[in-house]
There are 2 protein chains.
Amino acid sequence: MPASKTSKKLSIRDIGRELGISITTVSFILNGKAKEKRISEALTEKVLKFVEEVNFKPNMMAQGLRTGKSKIICLMVEDISNNLLFAQVARLIEEEAHNKGYRIIYCSTDNKKEKALELIRLFRDRSIDGYIITPPEGIENEVQSLINEGIPVVLIDRNLPKLKCSHVVIENLNSTNEAINHLIANGFKNIAFVTLDSEQTQMADRLGGYEKALSDHGLKPYIKKLGFHESPEQNIREIVSFLGENKNIDAVFFATNYIGVWGLQAIKILNLRIPDDIAVISFDDQDLFKFYSPSITVVAQPVPDISNHIIKLMLNALEEKDTGVHEIVLPAKLIVRESSSLKNT
Amino acid sequence: MPASKTSKKLSIRDIGRELGISITTVSFILNGKAKEKRISEALTEKVLKFVEEVNFKPNMMAQGLRTGKSKIICLMVEDISNNLLFAQVARLIEEEAHNKGYRIIYCSTDNKKEKALELIRLFRDRSIDGYIITPPEGIENEVQSLINEGIPVVLIDRNLPKLKCSHVVIENLNSTNEAINHLIANGFKNIAFVTLDSEQTQMADRLGGYEKALSDHGLKPYIKKLGFHESPEQNIREIVSFLGENKNIDAVFFATNYIGVWGLQAIKILNLRIPDDIAVISFDDQDLFKFYSPSITVVAQPVPDISNHIIKLMLNALEEKDTGVHEIVLPAKLIVRESSSLKNT
DNA sequence: GAAAAATGCTAAATCGATTTAGCGATATTA
DNA sequence: TAATATCGCTAAATCGATTTAGCATTTTTC
């Protein structure tokens, strides 16, 4: 096929002129209102055929100006590059959005309240039809004001409990609980939990699952909280000293994938063998955990399922098929690998 | 701060009415044309102050309709989730784009010609100001027609040599050549090259760098080409049989990061020790290679540098500061790790 | 056969900005 | 002092769609 001619862009007006009809009629037909507006079938078909022939595409700016809708969804994540989870979600929601005529812009908050507020302010009043957000703590008011304006918001990965807002999260408490119970069942007794210094729901729930398992079995907790905004090097050092100071720890749960990566480095530095010296489980699956020696047991999130729910909630809200508040909680899956195998006692 | 009042959105007309001046004046001032249009300083300041006070933001749809510019850049990559490289680029170009008032939509081609054409057709005539593309083979005509329409295009990761089009790539030939020479210098003699069945420039150049090194040293090439659209499992099987059938191979270069991951699995399946039985180098760095046992030598791309060039080229073209064709070729870096250490002869 | 209803279509207002052409008042020039 | 230039600002057209209100015809109703 040759490169298309650099003809001027067609407008609905051109279509009308060519066919000798009004732009109103063309508009009605293109918007599927032919029946409703009693346009004859003959004309309807003629117009559709012509539009197809000349490959006319309505100008989105004009449509947007008139209707107030941009057909743009904002995907606001912690960091699209830092956590494969978010890139995967981005990939999976993309196609469905395009199918429905929506485009997706992305931005990264770095999990910072200020950055998130800045971004919401940057985009609000700029005709974004809907927001998919991994909310940092403290942006409740801004999110609420989006909701107040009738703009669909879907929170993902974590929730803002003070708000009545649709969200898609996983069973953080249960899945972590299951993972810790698996360690306990395998004979580990001094189980540490390395997490972030964060009150976000997903982190709080994971900690809750850990604490429940320990108290159910009368075990002593070892909890280490890291700073999200510290450098990886600093956090690795923190894990090294934590594990170094608590030499009786025989298993450790890392509450996110990147903490898991830091943790593995710390364990390497300490020259500990997995699982003989220390058993390991991490949240979130990724290649590194699959192929590490030994392979690492993980709590894996059902990414395709999560993504489907996200985009379905968003599209239903945008098309006003279902604007209700939905709280989707999906199960996560413990994938047992070598790093948590039965302890020799 | 309380949630903002759900007041109606302000328009330039409201500003004019409030201040008792025409919308023309407001528009001139907001567009920085106050001087040029001889608006008095007093009025200019008054307007700017008021606009700031009421937090007025012009309607992008209206602006877009009038100016024909959407302030949207399309980032079209192979797969935003499959290759961390692309997610990292996405992250790094995002901020700079926002600073200049641009938003970024993304889409994934799966490296398929048809998908890419479909996406370009989906977005063209939909007011996208510029395209950043990792082009699959065979979309030359479509890209050319974008260029013909004066829409800025920056190709990344690979080039379309038939086109005069700005691009940002790395020194694939030299860097691969250096990596192979490193293997040769370390005593490896039967060096295999596992790549894709693809004519794309980056893959061709990597192969070229391999072939040059081998012919420079009079060594015999062992080349295996995999199908990009085969399943990982199938490709792993392919590598297993390839290495199995050529038992004299003592080193292998994997031409992309995901091939590297497949390759490591194949080597595990074959129960070969790295580097004693087989030395390994992969293109592209990532956690898995850093922390693998043994750690994997890689050719690392300078991602921040790449991203800076991409967004700078794009913004300069969009702002018509520099609409010329620029061919940026950046050096990649060989990071020597355990997997390619000196062969004991 | 006249009034009412249905049919098939359109004129014109509107969304909110940008931009061209130009108006009245004052200042400068000759 | 009359012609011209400058100053400071504005009216109105325009971008390309959607949508309300309504206009001729034709058909139905009684």
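Being a predicted model, the structure only gives us computed values, none of them experimental. Labels below follow one simple rule: chain letters A, B, ... track the order of the sequence lines, proteins then strands, and each chain is numbered from 1. The analysis underlying the following values was restricted to heavy atoms, covering all of them including side chains, and did not include hydrogens, waters or symmetry mates.
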Can you tell me whether the side chain of Arg38(A) and the base of dG8(C) have a donor-acceptor pair closer than 3.5 Å?
yes
To the nearest 0.5 angstrom, please state how far the OG atom of Ser108(B) sits from the CD atom of Glu78(B).
9.5 Å
Separation of Met61(A) atom CE from dT18(C) atom P, in whole Å?
13 Å
Could you state the atom-to-atom distance from CD1 of Ile29(B) to P of dA17(C) in whole Å?
14 Å
Interatomic distance where CZ belongs to Arg66(B) and P belongs to dA12(D) [whole Å]:
16 Å
On the nucleotide dC9(D), are OP1 or OP2 found under 4.0 Å from the side-chain N or O atoms that Ser40(B) carries?
yes
When rounded to whole Å, the CG to P distance for the pair Asn31(A) and dT20(D) reads 12 Å
Could you give the CG-to-P distance, from Asn59(B) to dG16(C), as a whole number of Å?
7 Å
Quiz question: going by heavy-atom distance under 3.5 Å, is there a donor-acceptor pair between the base of dT19(C) and the side chain of Ser27(B)?
no
Salt-bridge criterion met for Glu52(A) and Lys49(A) (N-O under 4.0 Å)
no
Just call it for Thr25(B): base, sugar-phosphate, or nothing, with non-hydrogen atoms closer than 4.0 Å on any strand.
base
Check the phosphate of dT18(D) against Gln63(A), side-chain N and O only, distance under 4.0 Å to OP1 or OP2. Yes or no?
yes
Salt bridge present between Lys312(B) and Glu96(B) (N-O < 4.0 angstrom):
no
Residues Arg124(B), Glu149(B): salt bridge by 4.0 Å N-O rule:
yes
NA contact type, Lys69(B), heavy-atom cut-off 4.0 Å: base, sugar-phosphate, or nothing?
nothing
Looking at CD1 of Ile139(A) and OG1 of Thr109(A), how far apart are the two atoms once the value is rounded to the nearest 0.5 Å?
8.0 Å
Can you find a donor-acceptor N/O pair under 3.5 angstrom joining the side chain of Ser11(B) to the base of dA17(C)?
no
Answer yes or no: does a side-chain N or O of Ser22(A) lie under 4.0 Å from OP1 or OP2 of dT10(C)?
yes
Arg13(B) CZ - dT18(C) C1' separation (whole Å):
12 Å
Taking the nucleotide of DNA chain C with the closest heavy atom to each, which residue, Ile23(A) or Lys37(A), is nearer the 5' end?
Lys37(A)
Looking only at dC9(D), dG16(D), dT18(D), the nucleotide nearest the Ile39(B) side chain is dC9(D)
Tell whether Thr24(A) reaches the base of dT19(D) with its side chain through a donor-acceptor pair below 3.5 angstrom.
yes
In whole Å, I'd like the distance from the CG atom of Leu30(B) to the P atom of dT19(C).
13 Å
What's the CG-C1' distance between Asp14(A) and dC15(D), to the nearest Å?
13 Å
